[in-house]
Amino acid sequence: MSQPPYIPVDLVDSPPVTESIERAELPPQYTPADVEGRLYERWISSGFFTADPNRNPARPAFSIVIPPPNVTGSLHMGHALDHSIQDALVRRRRMQGAETLWLPGMDHAGIATQNVVERELARDNLSRHDLGRTAFVERVWQWKAESGGRILGQMRRLGDSVDWSREAFTMDDQRARAVRTIFKRLYDDGLIYRAERIINWCPRCLTALSDIEVEHADLEGELVSIRYGSGDTAIVVATTRAETMLGDTAVAVHPGDDRYRHLVGREVELPLTGRGIPVVADEHVDPSFGTGAVKVTPAHDPNDFEIGRRHGLPSLTVMDERGVISVHGPFEGLDRFEARPAVVAALREQGRIVKEVRPYLHAVGHCQRCATAVEPRVSLQWFVRVAPLAKAAGDAVRDGRVRVHPPEMAARYFAWVDNMHDWCISRQLWWGHRIPVWYGPAGETVCVGPDESPPEGPGWTQDTDVLDTWFSSALWPFSTLGWPGDTPDLRRFYPTSVLVTGYDILFFWVARMMMFGLYAMDGVPPFEVIALHGMVRDQHGKKMSKSFGNVVDPLDWIDRYGADATRFTLLRGANPGGDVPVAEEWAQGSRNFCNKLWNAARFALMNGAHVRGDRPAAAELGTADAWILSRLQRVVAEVDEYFADFDFAKACETLYHFAWDEFCDWYVELAKVPLAGPEPAAEVTRRVLGEVLDALLRLLHPLTPFVTEELWTALTGAESVVVADWPVADQTLVNDQAEADIGSVRRLVTEVRRFRADQGLKPGQRVPAALDFGGSPLAGHEEAIRALLRLTAPAAGFTATASLPVDGVTVELDTAGVIDVGAERKRLEKDLTAARKDADQSARKLDNPDFMAKAPEAVVAKTRERLAQARSEIARIEGQLAALPS
RNA sequence: GGGCGCAUAGCUCAGCGGUAGAGCUCUCGGCUUACAACCGAGCGGUCACAGGUUCGAACCCUGUUGCGCCCACCA
């Protein structure tokens with residue numbers, strides 16, 4: 001099956017493509033639908049996402065293979081989160097100059113897909129057997145071509161920067177070759193074997209299941225106590241599955257249990273059947289549970305199977321593959337759930353055999369795919385001997401060659417790889433990789449490698465089973481790169497840089513990739529880092545489920561708020577390892593943020609902001625310019641740190657605050673005065689405005705790719721932010737003094753605004769005021785401060801009625817006739833009390849000899865600073881109080 | 001049954017040894033020529049409970065209670 005290299009976006013009903021917006025014509029609102037489709041098309045046709053293993057070998061490589069979604073699936077919030085994280089990582093590394101590969105693909109999803117197609121057939125009253133194997137498999141491929149892979153189109157809507165030229169499918173020819181190759185190698189190494197064992201069996205899907213395909217759920221059942229034997233051989237056993245007694249071949253007791261010691265070795269009569277069965281002593285029996293005697297049904301219970309094996313007991317199968325009683329007698333033909341009460345009823349009829357029936361809550365395994373109760377069943381299956389593979393998989397993490405992030409999750413990983421049972425890999429299905437083993441007429445078994453011809457001649461047949469879906473998924477990190485071939489991709493991009501996935505499939509998938517990767521690739525693990533994220537939940541932390549009705553469709557959000565807003569909402573909630581709650585309002589908030597960026601850029605462009613190669617000399621910068629550039633450097637450093645820690649929530653938060661609370665709310669507002677003023681200050685402001693916006697958009701691009709691309713190209717005129725350089729912090733621009741000064745401006749302005757709000761002065765109302773800067777460097781911002789505060793110049797005969805001193809600057813306002821002295825006094829006194837309490841606390845600490853002797857110097861210094869701050873606050877408030885008219 | 005984790009502002013979560021933070025919500029005031037998808041101001045928490053360690057605990061230790069998740073062959 002070959003894939004078209006690229007499916008157009010409109011496959012998934014994307015909005016119509018519109019023309020690029022001219023620089024000067026940005027509308028006042030950002031409309032994602034107007035840009036997303038067009039930009040994605042452009043990215044694809046530019047080839048930005050296509051990796052080239054031969055290009056510039058000096059560059060570092062960065063690769064991620066996508067956790068392949070099921071071919072039956074469609075994009076849900078979990079995918080959207082997973083992909084947003086991967087895309088953010090990949091886009092940033094691409095901007096940093098790495099040779100970047102993000103490889104997409106899908107999983108054939110054995111049982112799930114077969115069930116889907118079987119359901120389709122069932123609508124026409126057909127079963128897969130009506131079609132026959134070949135026709136059925138053909139039908140599944142047809143289904144896959146038509147409706148499988150919808151999710152790939154949805155990934156384009158999200159903006160995933162994957163390399164579509166390398167799209168893979170776990171059942172395509174290349175992957176089939178990988179499967180055959182590793183199967184053969186494992187077989188030859190004795191790590192794959194065939195054996196008759198008790199396995200999990202789904203009586204509806206009619207196939208074996210591995211442990212991880214079984215989900216346990218607590219069910220209300222009945223614990224029935226039944227007397228076996230009679231007279232001096234009477235022994236009471238308890239069971240939740242009375243129907244299996246038909247297949248009992250022993251009763252087991254603990255070897256040290258004095259109650260039953262006399263019976264060990266003797267036979268007791270099994271009710272209903274009249275067979276005599278031995279009493280055996282086995283360590284597995286817990287003498288304190290129930291009566292301390294257990295009925296043993298080797299054919300239908302995993303424990304009993306083991307007991308049977310230890311004592312050489314016969315195994316008596318009493319149910320067929322559908323869970324229907326198959327032994328001759330009164331129960332023949334009854335389903336296991338019908339047989340259970342029927343057996344109990346029959347026992348009751350025979351008198352005092354049923355000793356007790358009580359309700360009992362116990363865990364019952366269910367088929368992950370169809371929720372049918374699993375029936376343990378003895379059958380001939382293929383297994384992977386996991387012990388040596390799992391040991392290697394554990395060691396790779398233990399010795400630090402592979403890092404699990406967050407580290408706490410490693411414990412779960414170890415718990416699993418250290419206790420893994422042999423893996424049942426054969427499935428009695430038709431959709432999947434068929435087991436490459438042929439059986440000969442004389443009982444020969446031949447495992448056939450990918451380049452070998454199967455044995456021919458009469459009597460030779462291929463195994464009819466297929467492999468567990470996870471078998472081919474486990475090869476994904478290298479089968480997608482061309483293994484078993486020694487390809488340029490494999491050499492350049494293996495091991496992959498990071499595996500991003502939810503913690504829920506740490507066991508299902510991750511450990512298996514580790515086992516097979518280490519085995520196939522000569523001990524080189526398949527990824528350097530395993531980065532786990534949580535589950536997407538609703539706004540109350542509840543799991544999204546259809547029955548709760550709280551499922552959110554990411555495409556719905558993309559349609560209404562845009563891909564960027566959807567991604568940003570998810571990433572903003574993505575605390576490392578934690579679950580990610582999402583809500584409609586938060587998506588709106590993210591949409592608003594994108595719009596805020598849009599308007600900041602719009603303002604900048606309208607005011608002639610631009611980006612040049614150089615940057616204004618330090619001496620030319622105003623305080624506000626120096627401040628915002630200083631803050632930018634710190635933000636760049638912080639964002640780098642957060643990316644390194646996979647802390648997307650903090651990266652988002654940092655950029656959100658910088659963009660909105662600092663850049664938009666303060667820098668842009670402070671810039672309005674110089675922009676309208678004389679040169680060269682206006683030009684300096686235009687350049688700083690352009691430079692900060694440029695860097696901000698680049699920093700945000702991995703998180704919100706579309707809006708940043710649209711704005712960045714408009715601002716810079718360059719081709720694409722996708723391949724722009726990632727910002728690097730310039731420590732020489734960090735300026736503590738400028739940060740402190742603008743801090744003072746902000747405090748002053750906030751304090752005056754607070755005063756105005758408290759006094760009921762309308763925000764637009766102009767108030768005469770005199771500003772006394774003393775010797776403060778903030779004098780340069782007088783005009784901006786006046787603008788922010790709607791202050792007018794004092795007229796002749798100006799008389800201040802309110803005085804607001806902050807950080808050495810005093811604003812004297814003429815509020816005659818408006819001011820509410822009582823309210824202001826009350827307000828100030830409240831603040832004063834708080835400030836005094838603050839000061840007292842710090843002072844007391846500094847007076848404490850223990851504190852002074854034992855606290856670190858930095859803490860003492862900070863406490864001193866706090867005291868000084870509290871004191872200046874007290875002085876400020878006292879000054880204001882004194883200035884109040886009485 | 002075993003293991004892990006969580007309890008912080010109305011909601012969702014940061015903070016994990018130095019005097020409580022964000023977003024959303026809420027209250028009040030504003031269409032101030034980038035943005036009303038906006039702007040400004042404000043209210044709101046004995047950090048589950050009880051002990052302990054420490055000069056100092058939301059943060060470390062012990063226990064209690066209440067949740068959540070994973071694993072599981074006590075019939």
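Reminder, nothing fancy here: chain letters follow the sequence lines and each chain counts from 1.
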For [N], give the paired nucleotide (Watson-Crick: N1-N3 plus N6-O4 or O6-N4; G-U: N1-O2 and O6-N3; both under 3.5 Å), or none.
N      : answer
C71(B) : G1(B)
A22(B) : U12(B)
C35(B) : none
G44(B) : none
A57(B) : none
C49(B) : G63(B)

Please write out the pairs of protein N or O atoms and N or O atoms of nucleotides 11-17 of chain B separated by less than 3.5 Å, giving the distance to one decimal.
unit_1	atom_1	unit_2	atom_2	d
C13(B)	O2'	N575(A)	OD1	3.2
A14(B)	O5'	N575(A)	OD1	3.4

Can a donor-acceptor pair under 3.5 Å be found between the side-chain atoms of [X] and the base atoms of [N]?
X       : N      : answer
Q588(A) : A37(B) : no
R753(A) : A41(B) : no
E751(A) : A41(B) : no

- Choosing from C35(B), G23(B), C39(B), which nucleotide comes nearest the side chain of D665(A)?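 Of all the options, the side chain of D665(A) is nearest to C39(B).
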- Message: Can you confirm if the aromatic rings of F648(A) and Y642(A) lie within a centre distance of less than 6.0 Å?
- Response: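 No: the rings miss the under 6.0 Å criterion.
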- Query: Is NZ or CZ of R197(A) both nearer than 6.0 Å to the six-membered ring centre of F383(A) and within 45° of the ring axis?
  - Reply: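 Checked: cation-pi criterion met.
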- Message: Parallel, tilted or perpendicular: which one describes the rings of W557(A) and Y561(A), with boundaries at 30° and 60°?
- Response: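 Correct class here is perpendicular.
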- What nucleic acid atoms does H300(A) come within less than 4.0 Å of, heavy atoms only: base, sugar-phosphate, or nothing?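 It contacts nothing in the nucleic acid.
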